[in-house]
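The structure appears below as C-alpha cells.
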Amino acid sequence: MDEGEVIEQPLTAIAEAFEELSKWMKENSDGRHIRLDNFCEVASLVSVLFRCLGLAFKFAELEYVAKLEGLLEASKTCPTLQDILEVDVGNDTVKTSGSYSRNLRRVRQGLDLVRAIFEQLLSTEDSSLKDVASTAYGQVCAPYHTWAVRTAVYAGMYTLPTREQLLMKLNETEQSAEKKMKRYIAASLPIIEYIDSLYLSRNITLDW
Ligand code: 1PZ
C-alpha cells in the first residue's frame, strides 16, 4: 500500500500471489483456514490497478484500501477468515456498516470485479474500456451499490484510459497480459467461492 513503491509488472505480482494462496487452499482443503493477514497482503496488491485508472477512481481505491485496513486491524484478534464470521455472527453484526464481515464481503466484491473485468478484456479487442468496465461493474457490484455510487461510477467510466494506455501503464503487451489475466481468473475463483461459503454455511444470504 506504499504509494511510492514501483512494481515493474503488477500483473505478475498479482497472478503469482493469488496462485500461491489458492494452491495453499487446495493443499489444506480439510481445514482451509486462510490466515487473515496473509489474505490482506494478497488482496492489497489489487489496489495497484486502481492507480492506472485515473483520478475519477481515486475514491474507489480509498474505499477498497479502507476496507482492507479494517481487516488488517481485525487480524490482530481474528487469525483466520472464518474467525471474522464467528465474531460477527456472535455479535449479530455481520451486515453492520464497517463490521469485519461486511468489509470482507466488500473486498470479495472487489476481487470479483477485477476477475469480471479481466474476463471482459479477454472477450473483446475493443480499445475503449468503457463498455468492458461497465459490463463487469454491472454484473458484480452495481446490484449492491447505492444509486448515488452507481451514478458516480458510470460517470467515471467516461474518463477511463484506453486499453493501450492501460497496458502501457501495466508494462504489458496484449499477449503477456492475457496470460496473467487468465492466471488471476483461475486462481481467484476458488478464493472467492471459499469466502462465499463462509457466509452461506452460516445461512447468511449474499444479496447485499
Ligand atoms: C479497466 C476497467 C476499470 C473498471 C473500473 C471499475 C471501477 C468500479 C469502482 C467501484 C467503486 C465503488 C465505490 C464505493 C463503494 C461503496 O458503496 C462500498 C460501500 O461499502 P459499505 O461501507 O456500505 O459496506 N464500498 C465497497 O464496495 C468497497 C470498495 C470496492 C471497490 C472495488 C473495486 C475494484 C476495482 C478494480 C479495478 C481494476
Verdict with reasoning, Arg102 to Thr96, per side chain to side chain contact (heavy atoms under 4.5 Å, CB included): CA-CA 7 Å; Arg102 179 151 168 156; Thr96 304; over 6 Å; no

Worked verdict on Gln9 versus Ile14 for side chain to side chain contact (heavy atoms under 4.5 Å, CB included): CA-CA 9 Å; Gln9 287 195 307; Ile14 291 170; over 6 Å; no

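- Both Tyr194 and Val89 are part of a single hydrophobic cluster, where members link through side-chain heavy atoms under 4.5 Å apart.
- Summarising the geometry of His145 relative to Val149, their closest heavy-atom pair is ND1-CG1, 3.7 Å, with the distance given to 0.1 Å.
- The environment of Glu41 atom CD is sparse: at most 12 non-hydrogen atoms of other residues, nucleotides or ligands sit within 6.0 angstrom.
- For the residue pair Asp88/Ser101, the side-chain donor-acceptor check at 3.5 Å is satisfied.
- With no hydrogens or angles considered, a side-chain donor-acceptor pair links Asp83 and Thr80 at under 3.5 Å.
- In this structure the side chain of Ile195 reaches within 4.5 angstrom of the side chain of Leu104, judged on heavy atoms.
- Here the shortest heavy-atom pairing between Ala177 and Glu172 reads N-OE1, 3.7 Å.
- To the nearest 0.5 Å, atom OG1 of residue Thr12 and atom CG of residue Leu170 are 10.0 Å apart.
- When the options Phe57, Phe59, Tyr64 are evaluated for a ring-ring contact (aromatic ring centres under 6.0 Å, His included) with Phe50, the one that passes is Tyr64.
- Under the 4.0 Å criterion applied to side-chain N and carboxylate O atoms, Lys23 and Glu19 are not assigned as salt-bridge partners.
- The residues Glu86 and Arg202 are annotated as salt-bridged, a charged nitrogen and a carboxylate oxygen being separated by less than 4.0 angstrom.
- In this structure, the side chains of Phe18 and Leu111 come closer than 4.5 Å at one or more pairs of heavy atoms.
- The aromatic rings of Tyr199 and Trp208 sit perpendicular, their planes meeting at an angle over 60°, well past the 30° parallel limit.
- Gln175 is not listed as a side-chain neighbour of Lys179, based on a closest heavy-atom distance of 4.5 Å or more.
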Candidate pair Phe118 and Lys180, rule side chain to side chain contact (heavy atoms under 4.5 Å, CB included), full reasoning: CA-CA 10 Å; Phe118 286 176; Lys180 292 169 201 174; over 6 Å; no

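- Shortest non-hydrogen contact noted between Trp24 and Asn28 is O-ND2, 2.7 Å.
- Taking the side chain as every heavy atom from C-beta outward, Ile34 and Gln82 never approach each other to under 4.5 Å.
- In summary, the side chains of Asp207 and Thr205 do present a donor paired with an acceptor at a separation below 3.5 Å, with no hydrogens or angles considered.
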Test log, rule salt bridge (Lys or Arg N to Asp or Glu O under 4.0 Å), inputs Arg163 and Asp126: CA-CA 8 Å; Arg163 184 179 181 118; Asp126 204 342; over 6 Å; no

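- Residues Tyr184 and Met181 fail the side-chain proximity criterion, which asks for heavy atoms closer than 4.5 Å.
- More than 12 heavy atoms of other residues, nucleotides or ligands shown are found within 6.0 angstrom of NZ on Lys95.
- For the atom pair NZ of Lys130 and CG of Leu160, the computed distance is 9.5 Å after rounding to the nearest 0.5 Å.
- A 6.0 Å sphere centred on CD of Glu164 holds more than 12 heavy atoms belonging to other residues, nucleotides or ligands.
- Closest non-hydrogen pair, Pro161 versus Lys169, comes out as CB-NZ, 4.4 Å.
- Hydrophobic clustering (ILVMFWY, side-chain heavy atoms < 4.5 Å, transitive): Leu49 and Leu45 are in one cluster.
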Step-by-step side chain to side chain contact (heavy atoms under 4.5 Å, CB included) determination, Leu21 to Ile191: CA-CA 8 Å; Leu21 186 60; Ile191 298 169; 3.8 Å; yes

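- Looking only at atom types and distance, the side chain of Ser44 has no donor-acceptor partner in the side chain of Ser47 under 3.5 Å away.
- When side chains are defined from C-beta on, Val107 does not count as touching Val46, because their heavy atoms never get closer than 4.5 Å.
- Using a 4.0 Å cut-off between a side-chain N of Lys or Arg and a carboxylate O of Asp or Glu, Glu63 and Arg106 do not qualify as a salt bridge.
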